[in-house]
Amino acid sequence: MADQLADSQCQVLVVGAGPAGAATAYHLAKAGVDVLVLEKGIFPRDKICGDGLTPGAVKEILAMGINPLDEGWQPNYGLSVIGGGHRIALPWPESGSLPSYGLTCQRTKLDQRLIQQAVAAGARLEENTVVQDLLTDGSGYARGACAIQRDRESRQKRELTFRAQYVVDCTGANARLASRQGRTPLKNRPLAVAARAYFRSPRGNETMMESHLELWDGKPGKSNLLPGYGWLFPMGDGIVNVGLGSVSSGAQSTKLPYKEIFHRWIANLPEEWGLREENMLGSLRSAPLPMAFNRKPAYENGLLLVGDAAGMISPFNGEGIAPAMFAGRRAAAALVQALGRTSRAQSELALREYPRDLQDQYGGYYSLGRVFVRLIENPKIMHACTKYGLNKPALMRFVHKLLSDGYERRKGVASDRVLQILTKVVIPS
Ligand SMILES: Cc1cc2nc3c(=O)[nH]c(=O)nc-3n(C[C@H](O)[C@H](O)[C@H](O)COP(=O)(O)OP(=O)(O)OC[C@H]3O[C@@H](n4cnc5c(N)ncnc54)[C@H](O)[C@@H]3O)c2cc1C
């Protein structure tokens with residue numbers, strides 16, 4: 001089979017089959033484009049994640065023709081926030097443009113279902129295919145990729161070449177192809193590190209997500225508050241995804257002893273969660289979260305970047321699935337236009353619409369997010385926010401709208417309009 005694939009052709013080559021790759025491939029295939037997806041893993045494969053899906057992510061899943069409630073995925077109706085001696089339950093914001101519920105779904109299941117949907121729409125998928133490098137023409141324009149497949153039994157490797165008119169890098173945080181084109185991470189963008197584990201829990205079937213703002217870097221109350229939060233996301237089936245993350249405003253990842261902080265934090269959580277060692281499933285695993293467009297430009301020289309490859313994670317809450325899927329849909333729209341144009345210059349103009357779409361949707365919002373990260377990096381500010389903010393329900397509803405990206409981009413109520421103005425006036429540094 002690998003020999004047949006050697007020197008295979010397609011219109012668009014998508015590398016990586018996470019949410020970014022699946023959404024890009026689905027929307028391209030739906031428009032009749034010949035799209036091939038290369039994935040190094042074999043589904044179902046795991047991905048370190050909190051498995052939390054906001055209404056924005058639900059919207060993108062629906063846009064791929066999947067009804068998550070019919071699939072039996074665990075819905076949730078908001079977030080309980082705990083800190084500074086307060087607890088507040090915040091339903092997802094009422095919004096015309098977003099559904100009224102979020103979800104949790106393990107990435108083993110979610111990612112497989114999304115890529116299956118892309119394949120059902122007509123995309124071709126090659127698993128067990130590790131892309132090594134970009135193929136370019138003499139001018140450095142992306143024209144495909146070379147990859148290695150290993151025979152599953154003999155482990156013998158085959159080198160393969162895939163040629164395409166355009167290439168999309170959806171390889172996640174390490175952005176394999178973007179790096180080859182010299183698009184390295186920007187130093188002035190926030191970077192978080194987060195760790196998560198699964199537990200069997202009596203509260204695993206609840207329909208509110210829970211977030212804890214008091215993460216201490218030492219003894220609780222006697223050390224510094226970390227700029228981040230801990231989460232408990234009920235997954236259904238009596239399982240809960242428990243994790244924590246901390247962010248820094250620069251490209252350096254925070255060098256914190258995550259394991260230690262995690263175990264100290266869960267030891268102080270109420271017994272009713274049942275987060276004891278014997279209930280832990282698998283191990284605690286961590287990974288970086290590139291944020292606020294830390295790789296730019298999202299289009300150049302025939303190569304589009306989508307999802308974590310472009311550092312699209314929200315600096316407000318660590319959410320990356322909704323932006324990755326939104327960007328996949330918009331990248332596909334730009335590619336469809338580019339493929340239908342009559343000259344290379346015209347196609348280039350069509351492709352340059354893609355970074356503009358991203359900027360319209362997230363540009364001001366993420367600039368505001370960078371300011372937010374710089375503020376909460378100061379433990380005194382973090383402390384004041386948890387102590388004095390959480391007991392003000394109207395303020396917290398507003399903050400929740402901001403942090404969960406639940407505000408309307410057009411019109412909306414007064415709080416939406418305030419956020420629209422803030423995202424327009426913020427000056428990125
Ligand atoms: C601990 C943690 C918790 C998180 N929690 C949440 C959360 O609750 N909600 C949320 O929305 N986001 C969360 N995120 C962020 C989210 O996981 C990412 O933003 C999201 O997975 C991005 O999707 P993607 O498709 O861009 O990349 P990925 O999901 O990383 O997919 C990349 C794909 O490319 C493949 N690949 C990589 N290199 C190659 C190669 N050379 N050749 C072929 N294939 C390749 C990989 O195998 C993978 O399948 C969390 C992240 C972490 C680390």
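Keep in mind it's a predicted model, so treat the numbers as computed, not measured. Because only heavy atoms are used, hydrogens play no part in the values below, and waters and symmetry mates are left out as well, while side chains stay in. Residue indices begin at 1 and follow the sequence shown. Ligands are counted one by one from 1 in listed order, and the atoms in each one are counted from 1 as well.
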**Asked** Looking only at heavy atoms, what is the nearest atom pair of R163 and L135, with distance?
**Response** NH1-CD1, 3.9 Å
**Request:** Would you name the heavy atoms of P234 and Q74 that are closest together and state the gap between them?
**Result:** O-CG, 3.8 Å
**Request:** Work out which heavy atom in P190 is nearest to a heavy atom in P315; give both atom names and the distance.
**Result:** CG-CB, 4.1 Å
**Request:** Determine, step by step, whether R409 and D357 satisfy the salt bridge (Lys or Arg N to Asp or Glu O under 4.0 Å) criterion, reporting the C-alpha distance in whole Å, the side-chain angles of both residues, the deciding distance to 0.1 Å, and the verdict.
**Result:** CA-CA 13 Å; R409 298 303 200 261; D357 279 354; over 6 Å; no
**Request:** State whether the shortest distance between N or O atoms of R107 and N or O atoms of ligand 1 falls below 3.5 angstrom.
**Result:** yes
**Request:** Would you indicate whether the side-chain heavy atoms of E159 and I148 approach each other to under 4.5 Å?
**Result:** yes
**Asked** Which pair of non-hydrogen atoms, one from Q165 and one from Y141, has the smallest distance, and what is that distance?
**Response** O-CE2, 4.2 Å
**Message:** Any non-hydrogen side-chain atom of L36 less than 4.5 Å from a side-chain atom of E126?
**Reply:** yes
**Item:** Numbered atoms of ligand 1 (with element) below 4.0 Å of I313, judged on heavy atoms
**Value:** 15 (C), 19 (O)
**Prompt:** Has G318 got any heavy atom lying under 4.0 angstrom from an atom of ligand 1?
**Reply:** yes
**Fill in**
min-distance protein heavy atom vs atom 23 (O) of ligand 1 -> P19 CD, 3.6 Å
**Item:** Option nearest atom 9 (N) of ligand 1 (shortest heavy-atom distance, choices G172, G52, A287)
**Value:** G52
**Asked** Is N174 in polar range of ligand 1, meaning some N or O pair under 3.5 Å apart?
**Response** no
**Asked** Can a non-hydrogen atom of G243 be found less than 4.0 Å from any atom of ligand 1?
**Response** no
**Asked** Can you list the ligand 1 atoms lying under 4.0 Å from a non-hydrogen atom of C170?
**Response** 32 (C), 33 (C), 34 (O)
**Message:** Check contact between M312 and ligand 1, using heavy atoms of the residue and a distance below 4.0 angstrom.
**Reply:** no
**Complete:** If you scan protein heavy atoms around atom 6 (C) of ligand 1, the nearest is C49 SG, 3.4 Å
**Request:** For atom 35 (C) of ligand 1, grab the closest protein heavy atom and report residue, atom and distance to one decimal in Å.
**Result:** E39 OE1, 3.3 Å
**Asked** With distance as the sole criterion, is a donor-acceptor pair present between the side chains of E353 and Y299 under 3.5 Å?
**Response** no
**Message:** If you measure every N or O of A309 against every N or O of ligand 1, does any of those distances drop under 3.5 Å?
**Reply:** no
**For G18, the ligand 1 atoms whose distance to one of its heavy atoms is below 4.0 Å** = 25 (O), 31 (O), 33 (C), 49 (O)
**Prompt:** Which protein non-hydrogen atom lies closest to atom 34 (O) of ligand 1, naming both residue and atom, and how far is it?
**Reply:** G16 CA, 3.2 Å
**Message:** If you measure every N or O of L289 against every N or O of ligand 1, does any of those distances drop under 3.5 Å?
**Reply:** no
**Message:** Using a plain distance cutoff, I'd like to know if V15 has any nitrogen or oxygen under 3.5 Å from a nitrogen or oxygen of ligand 1.
**Reply:** no
**Asked** Quick one: which ligand 1 atoms are inside 4.0 Å of a heavy atom on I48?
**Response** 1 (C), 2 (C), 51 (C), 52 (C), 53 (C)
**Side chain proximity check, W216 to L225, heavy atoms < 4.5 angstrom** = yes
**Request:** Output yes when the distance from some N or O of ligand 1 to some N or O of A20 is under 3.5 Å, and no in every other case.
**Result:** yes
**Winner among R285, K40, E126 once heavy atoms are compared against atom 43 (C) of ligand 1** = K40
**Asked** Parallel, tilted or perpendicular: which fits the ring planes of H400 and W92, with parallel below 30° and perpendicular above 60°?
**Response** parallel
**Request:** For atom 37 (C) of ligand 1, grab the closest protein heavy atom and report residue, atom and distance to one decimal in Å.
**Result:** T171 O, 3.3 Å
**Request:** Before signing off on this row, confirm whether G320 and ligand 1 have an N or O atom pair separated by under 3.5 Å.
**Result:** yes
**Prompt:** Given that the side chain starts at C-beta and the backbone is N, CA, C, O, which of these parts of L53 lies under 4.0 Å from ligand 1, counting heavy atoms, or is it both or neither?
**Reply:** neither
**Message:** Is any side-chain heavy atom of Y101 closer than 4.5 Å to one of T207?
**Reply:** no
**Request:** Give the numbers and elements of all ligand 1 atoms closer than 4.0 Å to a heavy atom of I321.
**Result:** 10 (C), 11 (O), 12 (N)
**Complete:** Minimal heavy-atom distance between R295 and T184, with the atoms involved, is NH1-CA, 3.8 Å
**Request:** Ignoring hydrogens and angles, state whether a donor on the side chain of H212 or E210 is under 3.5 Å from an acceptor on the partner side chain.
**Result:** yes
**Request:** Return a yes/no value for E319: is any of its N or O atoms, backbone included, closer than 3.5 angstrom to an N or O of ligand 1?
**Result:** no
**Message:** Using a 3.5 Å cut-off on N or O atoms only, is D308 in polar contact with ligand 1?
**Reply:** yes
**Request:** Would you mind listing which atoms of ligand 1 come within a distance below 4.0 Å of any non-hydrogen atom of A194?
**Result:** 1 (C), 2 (C)
**Message:** Any non-hydrogen side-chain atom of N188 less than 4.5 Å from a side-chain atom of R370?
**Reply:** yes
**Message:** Show the atoms of ligand 1 that are less than 4.0 angstrom away from any heavy atom in R176.
**Reply:** 41 (N)
**Message:** Could you identify the single nearest non-hydrogen protein atom to atom 5 (N) of ligand 1 and state the distance to 0.1 Å?
**Reply:** G50 N, 2.8 Å
**Asked** Would you say the side-chain atoms of S95 and E408 include a donor-acceptor pair closer than 3.5 Å?
**Response** yes
**Message:** Under 6.0 Å between ring centres: does that hold for Y258 and F262?
**Reply:** no
**Prompt:** What heavy-atom pair brings R183 and E300 nearest, and what distance separates the two atoms?
**Reply:** NH2-O, 2.9 Å
**Request:** Answer yes or no for V193: is there a heavy-atom contact with ligand 1 below 4.0 Å?
**Result:** no
**Prompt:** What residue and heavy atom of the protein are closest to atom 41 (N) of ligand 1, and at what distance?
**Reply:** V131 O, 3.0 Å
**Asked** With a cut-off of 4.0 Å, which atoms of ligand 1 are near a heavy atom of T129?
**Response** 42 (N), 43 (C)
**Salt bridge R285-D46, side-chain N to carboxylate O under 4.0 Å** = yes
**Complete:** When distances are taken from atom 28 (P) of ligand 1, the protein heavy atom at minimum range is K47 CE, 4.0 Å
